[in-house]
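First up is the structure itself, then whatever we jot down about it.
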Amino acid sequence: MYIYETLLTEFPNGFCNAWGVPQGAKPVIKNLEINDVMLLIKTTGGDGEVPALCHIRGFWREPLLELSNFLWGNTHFPYVFFFKTEDIDLTWYQLKTDIGYKQNFRPSGNVYRIKEERLTDFGGVNAYVDMLRHGIERPSLEDIKEEENEQTNEYKEGERKTREYSYFKRNPKLAISAKKNYGYICQACGLLWLNELVHRNRIKYS
């Protein structure tokens, strides 16, 4: 009766989605909670398809053999949870890239819990879920693959180059003679060669 009332409250229109887990997989979902989010993977070939985001709205940890038999015609899936589903634009390739899984990873029909620290780059679990739900723009798969290819490229550095330039070397004897005859005032522009006086301790900065 409690299950019926819960489902009626959560799904007042009488429509819901359900998933069953076999007895041997009980440890996998022992930490499943109401309001958890699950991603349903349709295919893992090629880029793959992850078309649905599921919000868990009903789950009971005891085996529901009669319900399993009613839903699937046998008692093989006694741990049943109910959820609301949203369509999302996500591929299996993109999901593995986001959470840092190796591209050869295959879940083979099992349920896996993604560790929260794998989503820190997105601002945490809630931020990542919001991104999936609202379709925030992200790099295309082509951009990601191109970046991965670029990361494997080798770059050469340290090429030796020669630079040539010309300059007029000052005659120190001429400079000494000019300063002796004309002092430290430029005869072309009239500026005082203050740096020369400071260098020779003729004047002091205050």
Partners meeting side-chain hydrogen bond (donor to acceptor under 3.5 Å, both in side chains) with [X] (sequence neighbours left out):
{"X": "Glu33", "value": "Arg61"}
{"X": "Asn13", "value": "none"}
{"X": "Thr85", "value": "Asn17"}
{"X": "Glu49", "value": "none"}

key: Contacts of Arg106 that satisfy side chain to side chain contact (heavy atoms under 4.5 Å, CB included) - sequence neighbours left out   = Thr44, Trp92, Lys96, Ser108
query = Sequence neighbours excluded, which residues qualify as side chain to side chain contact (heavy atoms under 4.5 Å, CB included) partners of Ser177?
reply =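 For Ser177, the residues satisfying side chain to side chain contact (heavy atoms under 4.5 Å, CB included) (neighbours in sequence not counted) are Asn181.
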Contacts under 3.5 angstrom, residues 53-60 side chains, donor-acceptor by atom type, not counting sequence neighbours:
from: His55; atom 1: NE2; to: Glu86; atom 2: OE2; distance (Å): 3.3
from: Arg57; atom 1: NE; to: Glu10; atom 2: OE1; distance (Å): 2.9
from: Arg57; atom 1: NH1; to: Asn35; atom 2: OD1; distance (Å): 2.1
from: Arg57; atom 1: NH2; to: Glu10; atom 2: OE1; distance (Å): 3.1
from: Arg57; atom 1: NH2; to: Glu10; atom 2: OE2; distance (Å): 3.2

request  = For residues 115-126, pull every pair meeting side-chain hydrogen bond (donor to acceptor under 3.5 Å, both in side chains), keeping only residues two or more places apart or in separate chains.
outcome  =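 Every pair satisfying side-chain hydrogen bond (donor to acceptor under 3.5 Å, both in side chains) with a residue in residues 115-126: there are none.
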What closest approach, in Å, do [X] and [Y] show between heavy atoms, and which atom pair accounts for it?
{"X": "Phe77", "Y": "Trp72", "answer": "O-CZ3, 3.6 Å"}
{"X": "Thr75", "Y": "Leu65", "answer": "CG2-O, 3.6 Å"}
{"X": "Asp36", "Y": "Asn31", "answer": "OD2-O, 4.0 Å"}

Leu64 backbone acceptor or donor facing Ser68 side chain under 3.5 Å = no
Say you draw a straight line from [atom1] of [X] to [atom2] of [Y]; how long is it, rounded to the nearest 0.5 Å?
{"X": "Leu39", "Y": "Ile99", "atom1": "CG", "atom2": "CD1", "result": "8.5 Å"}
{"X": "Gln94", "Y": "Asp89", "atom1": "CD", "atom2": "CG", "result": "9.5 Å"}
{"X": "Leu90", "Y": "Arg133", "atom1": "CG", "atom2": "CZ", "result": "14.5 Å"}

task = Please lay out, stage by stage, how Phe81 and Met38 fare under the test side chain to side chain contact (heavy atoms under 4.5 Å, CB included).
result = CA-CA 11 Å; Phe81 53 89; Met38 298 189 74; 3.5 Å; yes
request  = For Phe82, enumerate each residue passing the ring-ring contact (aromatic ring centres under 6.0 Å, His included) test, keeping only those at least two apart in sequence or located in another chain.
outcome  = none
Residues which pass ring-ring contact (aromatic ring centres under 6.0 Å, His included) with Tyr101, listed by chain and number, not counting sequence neighbours =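 Result, ring-ring contact (aromatic ring centres under 6.0 Å, His included) vs Tyr101: Phe105.
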message = Is there a continuous path of hydrophobic side-chain contacts, each under 4.5 Å between heavy atoms, that joins Phe15 to Phe83?
response = no
query = Can you hop from Tyr112 to Leu95 via hydrophobic side chains spaced under 4.5 Å?
reply =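 Same cluster: Tyr112 reaches Leu95 through Ile, Leu, Val, Met, Phe, Trp or Tyr contacts under 4.5 Å.
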